[in-house]
Amino acid sequence: MNVNDIKHAKLKKWILDFAELTTPEQIVIADGSSAQYDELIASQIADGYCVALNPEKKPHSVAYNSDPSDVARVENRTYIASKTKEAAGPTNNWIDPVALKETMTDLYRGSMKGRTLYVIPFSMGPLGSPIAKIGVELTDSIYVVLNMMIMTRVGTKVLDLLGTDGYFVPCYHSVGKPLAEGESDNGQWPCAPLEHKYISHFPETREIWSYGSGYGGNALLGKKCLALRIASVLARDEGWLAEHMLILKITSPEGKSRYVTGAFPSACGKTNLAMLIPTVPGWKVETIGDDIAWMKFGDDGRLYAINPEAGFFGVAPGTSLQSNYNAMKAAEKNTIFTNCAVTEDKDVWWEGIGYDAPGPVIDWLNNEWVQDKSNKDQKPAANPNARFTAPAAQAPSIAAEWEDPKGVPISAILFGGRRPKTVPLVHMSHDWNHGVFLGSIVGSEITAAALDLKVGTIRRDPFAMLPFCGYHMGEYFQHWINIGKAAKDQSKLPKIFYVNWFRRDENKHFIWPGFGENSRVLKWVFEACEGTAKTVDTPIGVMPSIDAIDRPEGVTEAQMKELLEVDIDGWLAEVADIRENHYPKFGDKLPKELSVFLDQLEANLKAAK
Ligand code: TSX
Ligand code: MN
């Protein structure tokens with residue numbers, strides 16, 4: 001298919017205008033065919049950008065190494081370019097949209113010289129789902145085309161759906177490394193220096209302009225940029241929710257199923273939870289999605305969620321058959337690995353894969369690396385943010401209905417964070433607004449000394465959306481309250497829970513075994529939705545009675561008591577921290593309902609003391 005075959009006049013003009021600016025050698029449309037995927041993979045291997053893995057170990061899979069400077073999302077180069085700074089709010093980088101477009105237009109001018117411009121028509125969500133959205137990404141990165149083909153639904157079928165005048169979110173992307181006459185990358189990952197990188201969002205015009213990075217969330221624009229930052233704005237304006245949440249299905253021994261979403265800050269094991277294998281006999285957990293949930297009210301008054309993605313872009317280090325069997329199986333074939341180590345027999349390896357490196361490997365910096373377990377300071381072979389890009393359908397845990405265009409009805413929403421103290425294993429909110437309060441105070445302990453922040457303090461990441469909300473976070477809290485008010489029937493709203501798998505004892509040992517044992521908590525959540533859970537009312541919310549959750553092996557009665565106790569002094573310190581350091585950030589945009597909950601929580605705690 002040729003660009004001249006595009007029947008959507010506005011789309012065609014938009015493509016040709018960008019081509020005129022960026023001056024690529026040619027324009028190619030990603031048609032979504034496996035033949036094109038294979039052709040592009042073969043060219044990437046031939047040109048030395050990636051290596052083909054051993055077909056007996058990882059069939060139809062490749063391993064890329066990025067430039068060492070281009071290994072993660074760049075939050076300090078990520079912008080919300082709304083007309084006013086106020087609209088972006090205190091937690092986003094704001095930049096003037098007019099000035100930014102001038103700067104970036106200059107960067108894009110000639111930026112695709114010597115390269116091909118790929119047109120990627122993609123759907124976030126099952127094609128034609130009433131909750132799905134269409135985007136078109138223009139990019140000069142074949143790596144982006146290949147990853148988008150796994151992570152989203154790409155191709156001419158999306159163009160067919162767009163017809164002659166359908167709506168799409170326009171997404172520009174260039175790696176920002178034009179090639180001079182006769183110049184080649186020589187297999188090196190192309191990108192621009194940090195000071196030229198821009199990951200820009202224009203919430204009023206719903207545009208995404210990305211320049212200078214080829215990596216993950218900076219470049220695969222359907223994911224964080226469209227499905228979270230731009231979608232959060234659309235959701236606010238259209239009355240739905242675009243959230244940084246996993247979606248799972250839980251089925252009881254009696255065969256009753258419920259669907260649960262969950263928002264967790266990074267490094268809490270969200271992907272692991274989405275694919276958990278329950279230890280509780282007779283219970284089943286299946287996966288709908290591991291990162292993003294779009295939720296809309298159905299005609300029956302319930303909230304229905306879709307996973308807008310089609311793949312997993314998961315962190316590889318720490319992923320093993322023990323920690324996440326289903327992710328390992330999903331990434332067994334048809335997978336793109338980025339910044340992992342490659343073994344002599346062309347398999348991938350990373351720290352925490354569950355076994356020692358089988359001999360020397362080529363590390364993510366392309367150097368030979370021999371594991372030395374006596375050297376605690378040895379640099380890792382895989383970058384800590386190394387990834388696998390794998391089709392979601394390949395997870396053995398994927399639920400049959402994961403692509404149902406109407407979505408799945410949500411019974412429960414989980415929030416969580418890494419909290420060594422204070423926050424119990426699980427508690428439930430009294431109602432929707434109290435649940436919004438819980439979402440607004442989400443945070444994790446700081447484990448590595450980053451910049452100016454102290455180890456041991458709490459980094460707040462409300463709703464795990466701090467890096468992903470396309471507008472003022474205070475208004476976002478208000479939007480959640482508004483969604484609750486908009487419900488036709490309050491009893492049909494999901495129940496809201498706060499979970500914490502990360503309590504530690506005085507020797508810093510984890511006291512909850514986590515992973516598959518979390519199914520015991522999911523069972524209690526399920527029962528709370530049924531109205532059959534054993535509960536107690538506490539100053540912080542509704543909690544399991546001490547015998548409501550069966551103790552896993554190795555957890556003592558005293559530890560269970562600790563996990564399910566309300567630490568009054570700890571929570572009073574929490575209240576003070578929220579009052580002094582967290583809520584003031586949102587100024588007069590903080591919904592008054594939330595400060596009322598904070599006051600109430602404090603009063604409850606003082607009354608219980
Ligand atoms: O993903 C995790 N989950 C959720 C699983 C469904 N992790 C890994 C976090 C980093 C991404 C966890 N780590 C969990 C957890 O529930 N809990 C812990 C803490 C922990 C780590 C090790 C052990 C117990 C708890 N035990 C042993 O290693 C033997
Ligand atoms: Mn995420």
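This structure is a prediction, so every number in the text was calculated from the model and none was measured. Whatever order the structure lists them in is the order used to number ligands and atoms, beginning at 1.
Just one residue in the list Ile131, Thr152, Ile230, Asn307 forms a side-chain contact (heavy atoms from CB on, under 4.5 Å) with Met124, and that residue is Thr152. In summary, of the residues considered (Thr319, Asn272, Thr271), a side chain to side chain donor-acceptor pair (under 3.5 Å) with Asn324 occurs for Asn272 alone.
On a distance-only criterion, Asn518 and ligand 1 share at least one N/O pair closer than 3.5 Å. For ligand 1, none of its N or O atoms has an N or O atom of Trp512 under 3.5 Å away. In terms of polar-atom proximity, defined here as any N/O pair under 3.5 Å, Leu273 makes no such contact with ligand 1.
Donor-acceptor pairing under 3.5 Å is lacking for the side chains of Asn500 and Trp512.
Under the 4.0 angstrom criterion, atom 28 (O) of ligand 1 counts as lacking any protein heavy-atom contact. Checking atom 11 (C) of ligand 1 against the protein gives a heavy-atom contact under 4.0 Å. Proximity of atom 16 (O) of ligand 1 to the protein is indicated by at least one non-hydrogen atom lying closer than 4.0 angstrom.
Ranking the protein heavy atoms by distance from atom 24 (C) of ligand 1 puts Pro513 O, 3.5 Å first. Nearest protein heavy-atom contact of atom 1 (O) of ligand 1 is Asn272 ND2, 2.8 Å. Scanning all protein heavy atoms for the shortest distance to atom 13 (N) of ligand 1 gives Phe502 CE2, 3.5 Å. The shortest contact between atom 20 (C) of ligand 1 and any protein heavy atom is with Phe510 CD1, 3.4 Å. With respect to atom 5 (C) of ligand 1, the closest heavy atom belonging to the protein is Phe515 CA, 3.4 Å. Residue, atom and distance of the protein heavy atom nearest to atom 9 (C) of ligand 1 are Arg418 NH2, 3.6 Å.
In this structure, Ala267 counts as a contact residue of ligand 1, since one of its heavy atoms falls inside 4.0 Å of the ligand. Residue contacts with ligand 1 do not include Met275, since none of its heavy atoms lies under 4.0 Å from the ligand.
Because its NZ or CZ atom is not both nearer than 6.0 Å to the ring centre of Phe468 and within 45° of the ring axis, Arg229 does not count as a cation-pi partner of that residue. For the pair Arg236 and Tyr476, the cation-pi criterion (under 6.0 Å, within 45° of the ring axis) is not fulfilled. In this structure, Arg77 is positioned above the aromatic face of Tyr198, its NZ or CZ under 6.0 Å from the six-membered ring centre and within 45° of the axis.
Considering every non-hydrogen atom in both Pro391 and Asn334, the closest pair reads CD-O, 3.4 Å.
Heavy atoms of other residues, nucleotides or ligands lying less than 6.0 angstrom from OH of Tyr325 number 12 at most.
Using bins of under 30°, 30° to 60° and over 60° for the plane-to-plane angle, the ring pair Tyr143/Trp189 lands in the perpendicular bin.
Taking backbone and side-chain atoms together, Ile292 has no N/O/S atom less than 2.8 Å away from the Mn ion (ligand 2).
Within Asp291, OD1 is the N, O or S atom that lies nearest to the Mn ion (ligand 2).
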